[in-house]
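Only one structure is covered here, and it is reproduced in the block below.
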Amino acid sequence: MKRVRTHTNPLNINHRFNSLSLPQDNKEIDIEIGFGKGDFLIRWAKQNPNHHVIGIDVRKPIVILLKKKLEQETLTHTSIFHGNGHYFINDVPHDNSINRLFIFHPDPWLKTKHHKRRIISHDFLELALKKLKINGKIYISTDVKALFDDINKQFQAFKTFKAINDSFWETSYQTHWSLFTQKDNRVCLMQTYEKIS
Ligand SMILES: C[S@@+](CC[C@H](N)C(=O)[O-])C[C@H]1O[C@@H](n2cnc3c(N)ncnc32)[C@H](O)[C@@H]1O
């Protein structure tokens with residue numbers, strides 16, 4: 001069986017998406033960065049047939065696998081892409097257009113010299129703020145406490161992001177990685193941030 005690499009350095013995935021555009025209609029736009037096996041994306045798409053559900057991941061083989069699954073399920077309101085989520089968010093959605101941005105169990109890149117590979121950075125949050133609608137939300141989960149603390153610290157630099165309580169985590173959240181966390185009795189840390197102005 002062909003081996004699927006578990007880690008790809010996102011800094012090596014540099015292609016841009018300038019020629020791509022999303023449909024211009026009034027449907028809500030939900031984007032998952034780093035969908036992995038895609039379990040959440042498929043379930044969310046089934047629960048929300050009137051949204052555009054979009055996914056982006058840096059690992060090409062899993063993008064190909066999920067594309068096949070989505071075709072079989074005929075989930076035509078989904079689209080998924082291979083690439084770096086930071087560039088995708090920069091190049092594709094219009095400003096003030098995203099309703100939900102999901103980032104579940106982002107790779108923690110624990111060594112200090114690798115922190116620059118993390119998806120959530122000051123620059124990324126600045127970009128997300130520009131692209132989210134007012135009242136748009138970012139959903140973050142991780143089982144790595146040091147990463148969670150760092151992410152929350154990054155958000156604190158932005159007065160227009162507010163940490164909110166959200167029933168989403170009880171009703172809709174489950175990913176391949178969150179099941180691992182549960183199975184190993186590790187704590188899953190979760191937070192929703194809302195763009196308030
Ligand atoms: C630990 S896995 C979590 C997968 C899934 N979200 C889950 O909870 O099961 C992290 C995923 O993020 C992807 N990833 C990491 N950095 C990325 C980036 N800059 N843009 C898009 N995907 C990224 C990885 O390829 C991997 O599939």
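Counting starts at 1 for both ligands and their atoms, following the listed order. Just so it is clear, the model here is predicted, and its values are computed rather than measured.
Ligand 1 places these atoms under 4.0 Å from at least one heavy atom of F35: 5 (C). Shown in contact with G83 at under 4.0 Å from a heavy atom are these atoms of ligand 1, numbered in order with element: 20 (N), 21 (C). Taking every heavy atom of I33 and a limit of under 4.0 angstrom, the matching atoms of ligand 1 come to 20 (N), 21 (C).
Annotation: W177, atom CH2; neighbour count of heavy atoms from other residues, nucleotides and ligands within 6.0 Å does not exceed 12.
Between F81 and F88, the gap from one ring centroid to the other is short of 6.0 Å. If you look at Y173 and F104, their ring centroids are closer than 6.0 Å.
Residue I13 places no heavy atom under 4.0 Å from ligand 1. Not a single heavy atom of H86 sits less than 4.0 Å from an atom of ligand 1. For T8, the heavy-atom gap to ligand 1 stays at 4.0 angstrom or more. Ligand 1 lies nowhere less than 4.0 angstrom from a heavy atom belonging to S141.
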Extract all donor-acceptor atom pairs below 3.5 Å that involve side chains of residues 125-138 and protein atoms in other chains or at least two apart in sequence.
from, atom 1, to, atom 2, distance (Å)
K131, NZ, N90, O, 3.2
K131, NZ, P93, O, 2.7
N135, ND2, E194, OE2, 2.7

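Polar contact with ligand 1: present for G34 (N/O pair, distance under 3.5 Å). Geometrically, ligand 1 and T175 share a nitrogen or oxygen pair separated by less than 3.5 Å.
Cation-pi geometry between R117 and W109 is met: under 6.0 angstrom from the ring centre, within 45 degrees of the axis.
Here I13 sits in one hydrophobic cluster together with V58; the rule is ILVMFWY side chains under 4.5 Å apart, joined directly or through other members.
Of all heavy-atom pairs spanning I120 and I151, the tightest one is CD1-CD1, 3.9 Å.
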